[in-house]
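Heavy atoms only: backbone and side chains are in, while hydrogens, waters and symmetry mates are out. Bear in mind the structure is a predicted one, so any value in this text is a computation, not a measurement.
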Amino acid sequence: MALRIQQRRNELQTIVEKIGEIESDADEHRLVIKTLKEVHEREPDRTCFRLVGGVLVERTVKDVLGTLQTTMDGLNKVLVELAKQYKARESELLEMQRELDA
């Protein structure tokens, strides 16, 4: 039982780390989206560059903005899912600890 409790704690820690990484990525995306929206209002066809798989590619602001928004939506969905997983694992851990204490 103690081993299972430790495994749950490790799982929770892994989920927390992943949430932190994704939140950091989401913050970066928000900042870039905010900046590009300002440019998009004035010059939607302005050239901008995006790093894709280690390769710098030339696109327009409107193309990159759409892609970033889609990615941001995906990050938000993943964050919601990880939060659900965390709550479920946390409930399991609390139940195991109650059983151990009983």
From Ile5 atom CD1 to Glu99 atom CD, the distance as rounded to the nearest 0.5 Å: 8.5 Å

With sequence neighbours excluded, tell me which residues meet salt bridge (charged side-chain N to carboxylate O under 4.0 Å, His left out) with Glu43. Arg46

What pair of heavy atoms forms the shortest contact from Val39 to Val61, and how long is it? CG1-CG2, 3.8 Å

Out of curiosity, His29 NE2 to Met72 CE, how far, rounded to the nearest 0.5 Å? 8.0 Å

If a pair satisfies salt bridge (charged side-chain N to carboxylate O under 4.0 Å, His left out) and one of its residues is in residues 62-72, list it, with sequence neighbours excluded. Asp45-Lys62

Members sharing Leu31's hydrophobic cluster, built from side-chain contacts under 4.5 Å between Ile, Leu, Val, Met, Phe, Trp and Tyr, are none

Locate the shortest heavy-atom distance separating Ile15 from Leu82; write the atom from each residue and the value. CG2-O, 3.7 Å

Can you list every side-chain hydrogen bond (donor to acceptor under 3.5 Å, both in side chains) pair that touches residues 67-88, not counting sequence neighbours? none

Arg98 meets the salt bridge (charged side-chain N to carboxylate O under 4.0 Å, His left out) criterion, sequence neighbours left out, with Glu95

What residues, two or more places apart in sequence or in another chain, satisfy salt bridge (charged side-chain N to carboxylate O under 4.0 Å, His left out) together with Glu92? Arg8

Step by step, would you call Thr60 with Thr47 a side-chain contact (heavy atoms from CB on, under 4.5 Å)? CA-CA 5 Å; Thr60 63; Thr47 299; 5.9 Å; no

For Arg50, check salt bridge (charged side-chain N to carboxylate O under 4.0 Å, His left out) against everything at least two apart and list the hits. none

Separation between CD1 (Ile19) and CG (Leu79), nearest 0.5 Å, reads 7.0 Å

Going by side chain to side chain donor-acceptor pair (under 3.5 Å), name the residues that satisfy it together with Ser91, two or more places apart in sequence or in a different chain. none

Provide the closest heavy-atom pair for Leu51 versus Leu56 in the form atom of the first, atom of the second, distance. CD1-N, 3.9 Å

Keeping to residues at least two apart or across chains, list the side-chain hydrogen bond (donor to acceptor under 3.5 Å, both in side chains) pairs with something in residues 15-25. Gln13-Glu17

Across all chains, not counting sequence neighbours, the side chain to side chain donor-acceptor pair (under 3.5 Å) partners of Asn10 are Gln6

Which atom pair, heavy atoms only, marks the closest approach of Leu12 to Glu90? CD2-N, 3.7 Å

Rounded to the nearest 0.5 angstrom, the CD-CZ distance for Gln97 and Arg4 is 12.0 Å

In short, salt bridge (charged side-chain N to carboxylate O under 4.0 Å, His left out) pairs touching residues 29-38 with sequence neighbours left out are Asp27-Arg30

Could you list who else is in Val80's hydrophobic cluster, with ILVMFWY side chains joined at under 4.5 Å, directly or through other members? none

